[in-house]
Every structure is written in structure tokens, then in C-alpha cells.
*Asks:* 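Structure below; questions to follow.
On a predicted model such as this, the values are computed, not experimentally measured, just so you know. Note on naming: letters A, B, ... go to the chains in the order of the sequence lines (proteins, then strands), and numbering restarts at 1 for each one.
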There are 2 protein chains.
Amino acid sequence: MKLNTKSRYAVMALADMSKFPLNDPISLRDISLRQSISLLYLEQIFLKLKKNDIVKSVRGTNGGYVLKRDPKSIKLSEIFQALDQKVKTVGCKKESKKGCNGKLAKCITHELWDELEVYINNFFENKSLNDLLINKNRIN
Amino acid sequence: MKLNTKSRYAVMALADMSKFPLNDPISLRDISLRQSISLLYLEQIFLKLKKNDIVKSVRGTNGGYVLKRDPKSIKLSEIFQALDQKVKTVGCKKESKKGCNGKLAKCITHELWDELEVYINNFFENKSLNDLLINKNRIN
DNA sequence: GTAATACTTGACTATTTTAGTCGGGTATAT
DNA sequence: ATATACCCGACTAAAATAGTCAAGTATTAC
């Protein structure tokens with residue numbers, strides 16, 4: 001079970017942004033330098049964040065990205081969703097409520113994986129961007 | 001974030017086994033047929049389960065595998081460990097307690113990912129093989 | 001008005017991981 | 001003997017990941 005870099009970087013970048021005055025555009029170049037994330041990769045990530053209304057963009061010189069909402073109201077679950085990053089634990093089709101993989105009954109561990117998915121999603125649902133900043137022993 | 005088939009199959013197979021009298025060896029062939037998992041893949045998986053003292057093997061005709069302990073005492077966390085399946089959320093070295101990626105301080109989201117790892121591991125730590133069988137609306 | 005900055009977008013690619021398969025064993029019950 | 005079933009290392013196709021590249025467009029500063 002591994003978290004991918006895209007969602008991890010997205011959270012890092014947004015956390016970075018939320019340390020600065022909220023309405024100043026922050027360029028990806030700056031984030032790239034501060035967080036050691038490839039600029040081109042960040043561009044990819046921010047396009048998705050923009051499409052999902054988490055940030056807005058300001059073009060041109062001194063442009064950059066701005067958080068669209070208060071860091072308190074941006075849940076990590078939204079960020080993950082924006083990057084199509086789902087928690088996938090089950091192999092069988094979720095929709096097929098009764099049968100799994102063409103069988104008559106649910107596979108023996110189906111409920112377990114469902115439960116795990118809900119459990120993990122719950123973690124992201126209950127964390128906001130702001131929660132990351134409260135931490136004391138953080139420096140950069 | 002995705003669970004891999006190896007650990008998923010391992011749990012499925014062990015759950016399958018624990019539905020039968022505990023000291024009868026159960027052949028991988030049977031599990032393979034019942035759970036629709038490739039026999040050769042199961043062999044790979046069970047070698048690891050054996051090495052990690054979760055099952056023991058009985059060779060020869062009518063042989064198979066036997067759970068080495070009571071299903072109540074086999075935690076899912078052990079099964080995952082047996083398959084080298086770790087929950088990995090952080091990119092930076094865990095050991096380097098102070099710095100991340102050569103920097104002086106912990107990366108901004110380091111604590112978050114640590115927390116997530118603990119959270120997920122906790123789920124597996126608190127589930128036993130037996131817990132899977134209690135479920136009512138399960139059939140096969 | 002032109003240069004520089006910074007976002008925009010789709011396509012492309014190397015690397016890694018995953019999900020298995022293959023081949024050739026060994027042990028044991030009947 | 002022979003069939004069954006575990007044992008084990010090596011191999012491989014396919015998918016996912018983690019980016020890069022190229023070729024833009026919009027805006028501001030001068």
C-alpha cells in the first residue's frame with residue numbers, strides 16, 4: 001500500500017502555500033524551489049487542483065496560484081479526489097452488490113476491504129489543510 | 001492508494017482455510033478452485049506465510065496447509081508483514097528523524113504521513129482472521 | 001510594444017512495480 | 001511406483017508511476 005507522489009506533492013505544495021498571505025499569488029517556481037518538486041510536475045498537479053476549484057490562477061508576471069478557499073475548509077479528501085487518487089482495496093466490482101467476480105455471493109473478504117476503504121477515507125475527510133500548519137516542531 | 005493482490009489473496013485464502021476443521025490440511029488446489037486464485041500464485045504466497053509461522057505445511061498425498069495458530073490470534077497485520085506489504089506514505093527516509101531529503105527540517109507534511117501510516121496499521125493490528133468469519137451475510 | 005514571467009495543455013517516455021507464469025525440483029501417502 | 005502436493009528461484013508481460021518535452025497563451029513591468 002503506497003501513497004503516490006502526485007497526491008503527496010499536492011498536499012505539500014498546498015500546505016506550503018497556506019503559510020503565506022492568502023491572496024498573494026504564489027508561483028510554482030517558488031514552490032518548486034522550496035519543496036524540491038519538479039516544476040513541470042507541479043504544473044501538471046496544479047492544473048488538476050484548479051479544475052477542481054481548490055486553487056485559482058493568476059497569469060503573467062508576479063502571477064501564480066492562490067488558494068480559492070480558507071485552508072480550514074479544504075479537506076485532504078478533496079485534494080486526493082482532485083488527483084483521481086482513490087483508495088482501492090477491492091478487486092471485485094463494487095457495484096455488483098450481491099456477487100463478486102461472477103460468483104453468486106460476495107467474496108469472503110469483501111466487507112473487510114470495504115470497511116478499510118471507509119476507514120482510510122475517513123482520515124482524509126477529517127483533516128484540513130489548516131490542520132497541517134498547527135504542528136509545532138515544523139520548520140520549513 | 002491501492003492494496004495489492006498478494007496480500008488480498010493471502011487474507012482470502014487464510015479466511016477460506018479457517019472455515020474448515022483446523023487440523024485438516026487444506027490443499028492449495030482446493031483454495032485455488034474455491035477462491036479463483038491462480039494455484040502457482042498461491043504457492044508463492046504460502047511460502048511466505050509459512051516462513052512467517054502463520055501456516056505449516058504437510059507434504060505428500062492429502063497434504064496441504066494448516067493454520068499454525070488459532071484464527072483468533074492471527075492478526076491481519078502479521079499477514080501483511082509476511083508478504084512484505086508495508087504501508088508506505090512517506091517519500092523521505094523515516095530514520096532521518098530531523099531532516100528530510102537532505103534538508104535541515106522535516107518536510108512540511110512528514111508528520112501527516114506518519115500519522116496516516118500509524119492509523120492504517122492500527123486497522124490491521126486490530127483485526128484477526130476470526131473477525132472475518134463472524135460476518136452474517138457471507139456465503140462463500 | 002516588447003520582454004519576461006508564469007500559467008496551459010497534450011503527448012511522450014523511462015523506470016518501477018505488479019501480477020503473475022515457468023521449470024524443475026522434493027517429500028509422503030497409498 | 002506413482003500420484004499428489006509442497007518447494008523455490010528465475011523469469012516476464014503488462015500496467016502504473018513519475019516524471020519530461022514542446023509548443024503554446026495571458027499578463028505585467030519597463
*Asks:* Is it true that B:Y41 and B:T5 share a donor-acceptor pair across their side chains at a distance under 3.5 Å?
*Replies:* yes
*Asks:* Below 4.0 angstrom from OP1 or OP2 of D:dG19, is there any side-chain N or O of A:Y9?
*Replies:*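 So the side-chain polar atoms of A:Y9 do come within 4.0 Å of the phosphate oxygens OP1 or OP2 of D:dG19, strictly under.
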*Asks:* Measure from the side chain of A:Y41, starting at C-beta and using heavy atoms only, and say which of D:dT28, D:dG19, D:dC6 lies closest.
*Replies:* D:dG19
*Asks:* Does A:K2 or A:G64 map to a spot on DNA chain C nearer the 5' end, using the closest nucleotide for each?
*Replies:*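 Nearest-nucleotide comparison on DNA chain C picks A:G64.
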*Asks:* Does A:L40 or A:M1 map to a spot on DNA chain C nearer the 5' end, using the closest nucleotide for each?
*Replies:* A:L40
*Asks:* Expected output is a numbered-order residue list: members of residues 43-54 of chain A with a heavy atom under 4.0 Å from any atom of DNA chain D. What is it?
*Replies:* A:Q44
*Asks:* Nearest whole angstrom, please: distance from the C1' of C:dT17 to the NZ of B:K6.
*Replies:*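 Taking NZ of B:K6 and C1' of C:dT17, I get 10 Å after rounding.
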*Asks:* Salt bridge check, A:R69 against A:E78: does any charged N sit closer than 4.0 Å to a carboxylate O?
*Replies:* yes
*Asks:* Nearest to the side chain of B:N4, which nucleotide is it out of C:dA19, D:dC6, C:dC7?
*Replies:*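 Out of C:dA19, D:dC6, C:dC7, the nucleotide with an atom closest to B:N4's side chain is C:dA19.
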*Asks:* Tell me: CD1 of B:I37 to C1' of C:dA19, nearest whole Å?
*Replies:* 13 Å
*Asks:* Using 0.5 Å steps for rounding, measure from the NZ atom of B:K72 to the CG atom of B:L133.
*Replies:* 10.0 Å
*Asks:* Does C:dA19 have OP1 or OP2 under 4.0 Å away from a side-chain N or O of B:S38?
*Replies:* no
*Asks:* Give a yes or no on whether B:L129 and B:V66 share a hydrophobic cluster (residues Ile, Leu, Val, Met, Phe, Trp, Tyr; joining criterion: side-chain heavy atoms under 4.5 Å apart).
*Replies:* no
*Asks:* Hey, is the side chain of B:S57 poking within less than 4.0 Å of OP1 or OP2 on D:dA5, counting only N and O atoms?
*Replies:* no
*Asks:* In a check of side chain to side chain contact (heavy atoms under 4.5 Å, CB included) between A:K75 and each of A:E125, A:K127, A:Q81, which one passes?
*Replies:*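 For A:K75, the side chain to side chain contact (heavy atoms under 4.5 Å, CB included) check succeeds only for A:E125.
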*Asks:* Side chains of B:D70 and B:S73: do they bring a donor and an acceptor to under 3.5 Å?
*Replies:* no
*Asks:* Can you find a side chain N or O atom of A:T5 that sits less than 4.0 Å from OP1 or OP2 on D:dA18?
*Replies:* yes
*Asks:* Mark yes or no: A:K50 above the aromatic ring of A:F46, with NZ or CZ under 6.0 Å from the six-membered ring centre and no more than 45 degrees from the axis.
*Replies:* no
*Asks:* Rounded to whole angstroms, how far apart are CG on B:N62 and C1' on C:dT28?
*Replies:*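 Rounding to the nearest Å, CG of B:N62 and C1' of C:dT28 are 10 Å apart.
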*Asks:* Which nucleotide wins on minimum distance to the side chain of B:S27, given the candidates D:dT28, C:dA19, D:dC6?
*Replies:* D:dC6
*Asks:* Parallel, tilted or perpendicular: which one describes the rings of B:Y119 and A:F123, with boundaries at 30° and 60°?
*Replies:*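 Answer is tilted, since the angle falls between 30° and 60°.
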*Asks:* B:L42 CG to D:dC7 C1': how many Å, rounded?
*Replies:*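 From B:L42 CG to D:dC7 C1': 14 Å.
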*Asks:* Among the nucleotides C:dA19, D:dA29, C:dT28, which one has an atom lying closest to any side-chain atom of A:T61?
*Replies:*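 Of C:dA19, D:dA29, C:dT28, D:dA29 is nearest to the side chain of A:T61.
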*Asks:* Of the nucleotides C:dC7, D:dC6, D:dT20, which one has an atom closest to the side chain of B:Y65?
*Replies:*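 Of C:dC7, D:dC6, D:dT20, D:dC6 is nearest to the side chain of B:Y65.
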*Asks:* What's the CG-P distance between A:L39 and C:dT5, to the nearest Å?
*Replies:*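 Value for this atom pair: 13 Å.
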*Asks:* In whole Å, I'd like the distance from the CG atom of B:L3 to the P atom of D:dA16.
*Replies:*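 It works out to 15 Å between those atoms.
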*Asks:* Please confirm whether any donor atom in the side chain of B:R59 sits under 3.5 Å from an acceptor in the base of D:dT4, or the reverse.
*Replies:*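 It does not, because no donor-acceptor pair links the side chain of B:R59 to the base of D:dT4 below 3.5 Å.
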*Asks:* Round to the nearest Å and state the distance from B:L28 atom CG to D:dT4 atom C1'.
*Replies:* 12 Å
*Asks:* Can you tell me how far P of D:dA5 sits from CD1 of B:I26, to the nearest Å?
*Replies:* 12 Å
